[in-house]
Every structure is written in structure tokens, then in C-alpha cells.
Peer 1: 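This is the structure I want to talk about, given as C-alpha cells.
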Amino acid sequence: MQSEHLIGTTIPRFTYDTPLTPGQDFYALCAGETPLVMIFLPGFDHPISREYLTRYLKSLRSLKDGRLACVVRTKPQEVAAALEGRPFPFPLICDPQGVLYNFLGVEHANILQTWTFAAQRIFRSAKGQGFVYDRSAPQQLPLTLVLGPEGHILFAHYGRSLTDLPEDCATISEICRSVTHLAQTGEKDPDHCSDETLTLPDLSGELEQEEPDALGALFH
């Protein structure tokens with residue numbers, strides 16, 4: 001899916017689980033005076049996820065013009081165990097079945113086709129810490145969304161490589177400022193919001209109808 005196909009559309013209302021709290025309202029997460037940046041990562045224990053979650057944690061004070069949530073393809077119980085019961089400073093949406101990923105058309109690609117020098121360094125460091133991976137296995141590419149109230153998509157960027165996502169919270173804040181400026185000066189899109197609240201598995205059903213076709217080290 002191309003980014004421009006998402007901009008101006010709306011993600012249906014659904015409930016999601018965080019590591020410590022199940023059944024959260026997605027539209028309540030979207031509500032606020034500043035836009036919500038939602039970044040889709042691989043599993044919580046994946047080297048790319050660990051690298052960028054660490055960066056976001058270290059630079060969180062720089063996030064002045066927006067809010068952050070990250071999506072990981074890991075069960076909430078597994079993330080909670082890795083966090084050892086500690087709360088995370090921004091929402092982690094757990095989508096182990098990849099329902100949101102499929103709904104939004106997040107792609108996989110061969111690892112050799114998506115390696116940047118930065119990705120190579122991240123994987124090399126992870127390997128030194130005992131991480132084992134298959135060089136030929138397809139890898140989850142990132143997706144960055146900027147959302148307004150009721151899931152309205154203001155900006156979308158499908159990563160073309162494993163590290164094609166915001167570097168830190170200063171970058172996220174810059175994106176939010178730019179998107180907010182464009183939204184204030186451009187035309188308003190019609191409201192496509194739904195009053196129905198779904199669960200993540202329900203979104204999987206909608207996808208079939210509309211488009212057949214993961215911590216302790218993070219705190220150191």
C-alpha cells in the first residue's frame with residue numbers, strides 16, 4: 001500500500017491491550033490537543049525494536065509537539081514479563097497476531113534488501129549479545145503514522161528499509177509540527193469516523209471484507 005492512499009482516511013475504533021492494561025480505547029488514545037504518532041515495530045525483543053525504543057526513551061523530553069505510541073508484534077504478557085512490572089512512559093500497543101499490520105498493509109521484505117549500514121550495526125551488536133537470526137528470513141518493515149482525533153490519518157510513511165523510521169523524539173516532534181502546519185493551512189477532509197468500537201480481531205474481519213488481497217536492557 002502507498003502512503004498517500006492512507007492519508008485522509010480513518011482507522012476504525014477498536015480496543016487494544018498494553019503490557020499492563022487490556023481493553024484500551026483507541027479513540028481515547030487519539031484524543032488530545034497534539035497529534036499522536038504511532039510507529040509500527042517488529043516484535044518487542046527484535047533488535048530494531050529495542051534500538052528505537054531505547055532511543056525514544058532517552059529522547060522523550062524532546063517530544064514537545066505530539067504524543068507517541070509504538071505497536072509491537074508481541075503478546076502483552078511477554079512484554080510485561082520483560083518490563084518486570086514497570087510501567088512504560090508511552091503506550092505500547094501489543095498486536096501479536098499482526099491484525100493492525102495486516103489492516104494497514106505493513107510489508108515484509110527480504111533482510112538483504114532492507115539492510116542499511118545502521119541496520120547492520122544494530123544486528124551486529126545484537127548478535128554479540130546472543131541474538132540469533134536468519135539472514136534470509138523476511139523482515140517486518142516499519143510504518144509511521146500521525147493521527148488526529150478519532151483515528152484520522154494526517155501523515156503516513158511506509159519504511160523502505162529496517163531503519164526507515166524516526167530517529168528519535170526530536171525528529172518525531174519535528175514531523176508533528178510539519179503535519180500540524182499543513183493541517184491548519186490545508187483543506188479539511190470529510191469525516192469518515194465510525195461509532196462502532198471493534199477489537200483487534202474484528203479489524204481482521206474488516207480487512208477480509210475490504211481488501212481480499214516486544215526489556216531490561218532498554219533502561220540502561
Side-chain angles (χ1 to χ4, degrees), residues 3 16 18-20 36-96 98 100-101 104 106-146 155-176 214-220:
S3 299
Y16 63 91
T18 67
L20 300 180
L36 173 72
V37 177
M38 190 158 68
I39 299 176
F40 288 74
L41 298 167
F44 185 73
D45 60 350
H46 190 281
I48 296 294
S49 299
R50 295 175 69 89
E51 172 70 22
Y52 281 88
L53 287 173
T54 300
R55 293 186 186 187
Y56 299 152
L57 286 169
K58 290 180 177 179
S59 61
L60 195 56
R61 291 183 180 179
S62 300
L63 187 54
K64 306 291 185 180
D65 302 282
R67 295 166 294 127
L68 174 63
C70 288
V71 190
V72 292
R73 293 196 63 166
T74 307
K75 294 179 180 179
Q77 300 91 336
E78 295 179 5
V79 181
L83 292 171
E84 299 178 345
R86 291 170 291 192
F88 214 72
F90 53 82
L92 289 175
I93 299 174
C94 298
D95 182 15
L100 277 173
Y101 295 78
L104 293 166
V106 182
E107 298 181 351
H108 285 79
N110 185 286
I111 191 170
L112 297 179
Q113 298 173 337
T114 58
W115 265 24
T116 58
F117 288 120
Q120 292 182 49
R121 289 194 297 269
I122 293 168
F123 272 89
R124 189 159 50 241
S125 175
K127 185 177 180 180
Q129 298 172 16
F131 181 80
V132 179
Y133 63 96
D134 181 355
R135 292 176 62 92
S136 63
Q139 294 288 311
Q140 181 89 59
L141 294 176
L143 168 65
T144 301
L145 299 178
V146 180
F155 170 88
H157 177 71
Y158 286 93
R160 298 177 182 176
S161 73
L162 296 178
T163 56
D164 189 7
L165 67 163
E167 289 287 317
D168 51 28
C169 286
T171 304
I172 293 171
S173 194
E174 183 178 340
I175 293 172
C176 289
L215 170 69
L218 290 176
F219 292 94
H220 298 299

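Every value quoted in this text rests on a predicted model; they were computed, and no experiment measured them.
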Peer 1: About how many Å separate CG of Leu41 and CG of Leu165, when rounded to the nearest 0.5 Å?
Peer 2: 6.5 Å
Peer 1: Taking Ser49 for its side chain and Pro42 for its backbone only, find out whether a donor-acceptor pair lies under 3.5 Å.
Peer 2: yes
Peer 1: Indicate yes or no: at least one non-hydrogen side-chain atom of Ile93 is less than 4.5 angstrom from one of Phe40.
Peer 2: no
Peer 1: Among all residues two or more places apart in sequence or in another chain, which pass the side-chain hydrogen bond (donor to acceptor under 3.5 Å, both in side chains) test with Thr163?
Peer 2: Thr116
Peer 1: Run the side-chain hydrogen bond (donor to acceptor under 3.5 Å, both in side chains) test against Gln120 and tell me which residues pass, sequence neighbours left out.
Peer 2: none
Peer 1: For Phe155, check ring-ring contact (aromatic ring centres under 6.0 Å, His included) against everything at least two apart and list the hits.
Peer 2: none
Peer 1: Partners of Gln77 by side chain to side chain contact (heavy atoms under 4.5 Å, CB included), sequence neighbours excluded?
Peer 2: Lys75
Peer 1: Treating Thr54 as the side-chain partner and Arg50 as the backbone partner, does any N or O pair qualify as donor plus acceptor under 3.5 Å?
Peer 2: yes
Peer 1: Can you name the residues that form a side chain to side chain contact (heavy atoms under 4.5 Å, CB included) with Pro166, not counting sequence neighbours?
Peer 2: Ile39, Tyr56, Thr144, Thr171, Ile172, Ile175
Peer 1: Mind checking the CD-CG spacing from Glu78 to Asp45? Nearest 0.5 Å is all I need.
Peer 2: 7.5 Å
Peer 1: Nearest 0.5 Å, please: how far is CD1 in Ile122 from CD in Glu51?
Peer 2: 4.0 Å
Peer 1: Would you confirm whether Tyr101, through its side chain, and Val71, through its main-chain N or O, come within 3.5 Å as a donor-acceptor pair?
Peer 2: yes
Peer 1: Ignoring hydrogens, what is the shortest heavy-atom contact between Gln140 and Leu162? Give both atom names and the distance.
Peer 2: O-CD2, 3.6 Å
Peer 1: Measuring from Phe90:CZ to Leu53:CG, what's the distance to the nearest 0.5 Å?
Peer 2: 5.0 Å
Peer 1: Measure the spacing between CG of Leu68 and CG of Leu36 and express it to the nearest 0.5 Å.
Peer 2: 7.5 Å
Peer 1: Can you sort out the partners of Ser173 under side chain to side chain contact (heavy atoms under 4.5 Å, CB included), two or more places apart, ordered by chain and number?
Peer 2: Leu63, Lys64, Asp65, Arg177
Peer 1: Report the residues that fulfil side chain to side chain contact (heavy atoms under 4.5 Å, CB included) with Ala156, sequence neighbours left out, ordered by chain and then residue number.
Peer 2: Ser3, Leu6, Ile7, Leu145, Ile153
Peer 1: Does anything in residues 164-176 pair up under salt bridge (Lys or Arg N to Asp or Glu O under 4.0 Å), and if so which pairs, sequence neighbours excluded?
Peer 2: Arg55-Glu167
Peer 1: Enter the distance from Leu57:CG to Phe88:CZ here, rounded to the nearest 0.5 Å.
Peer 2: 4.0 Å
